[in-house]
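Below is one structure, written out as structure tokens; the observations come after it.
Just follow the structure's listing: the first ligand is 1, and inside any ligand the first atom is 1. Note that the numbering runs from 1 along the sequence shown for the chain. Atoms considered below: every heavy atom in the structure, side chains included; atoms not considered: hydrogens, waters and symmetry mates. Quick caveat, the model's predicted, so the values are computed rather than measured.
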Amino acid sequence: MKKRKLIIGGNWKMYKTPSEAIHVAKALKVKLINVANVDVVICPPFPALVPVNEILKESNIKIGGQNLYWQDEGAFTGEVSAKMLLDAGCQYVVIGHSERRHVFGEKNNEINQKVKKALENGLIPMFCVGETLEERQNGLTEKVVEEQIREGLSGIEIKDASDLVVAYEPVWAIGTGETATPDQAEEVHRYIRELLSGLFSLSLGNQIRIQYGGSVKPSNAAELMSRENIDGALVGGASLDADSFTEIIKLSASV
Ligand code: PEP
């Protein structure tokens, strides 16, 4: 038996119009009706949050934003605030996703402000970290992940382990079809847990959930979830289809 309840997120990235998102949300609501031992969170694009929330509000599926800005409001064209996400029905928000870091150039100090703002507003960050292929090949995985954790979570206090979720997403495994082996993932997850224990407390470090992300699919989900320190998944491509996302969740739940 796992010590921590699994949490599986579906990051829909910039896929799905509101009507397409509604269609998948309706299917997931039915398919996942009996799944209670896993927390399920889907993160549709911003325009789909309100209609998807309408569909899912009486279900066991939660919704999350894919990003936020750290100001409460103002002249910040194109940005979205924590309060807007909350009002749209979000309980979670993805922060520091590798596409935000590497496509849009987000830095650890900006990610830190976002994590702070999410927590201040009662949103649960799904805080993403992970190394590039070059960094892994140069033996820098632990150094990079440690920097991302220390800087991204600098000055942050949490009261309860459920206030924060960390996602380890090696950049080389995201959207590439290449997955970290369960051993590779477990090794980094264990390291992240040590860091969290040092930053917060042993007890919080033991309880904070750490998701794995990077080409998770039905064929590899169960083996990844069977590892001691892997407490769920953040799924991109395979979450876009209700059948494959459901399969991942059910296979994980059965571990
Ligand atoms: C992601 O978007 O966080 C992700 C892990 O994508 P994929 O599952 O497609 O690799």
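Looking only at atom types and distance, the side chain of Trp172 has no donor-acceptor partner in the side chain of Glu134 under 3.5 Å away. Side chains of Lys117 and Asn121: no donor on one and acceptor on the other come within 3.5 Å. Under the 3.5 Å distance criterion, with hydrogens and angles disregarded, no donor-acceptor pair is assigned to the side chains of Tyr69 and Glu110. No side-chain donor from either of Thr181 and Asp183 sits under 3.5 Å from a side-chain acceptor of the other.
Interatomic distance, Ile210 CD1 to Arg4 CZ, rounded to the nearest 0.5 Å: 7.0 Å.
The two residues Pro45 and Lys13 have their closest heavy-atom pair at CG-O, 3.5 Å.
Closer than 4.0 angstrom to ligand 1 lie heavy atoms from Asn11, Lys13, His97, Glu169, Ala173, Ile174, Gly175, Gly213, Gly214, Ser215, Leu234, Val235, Gly236, Gly237.
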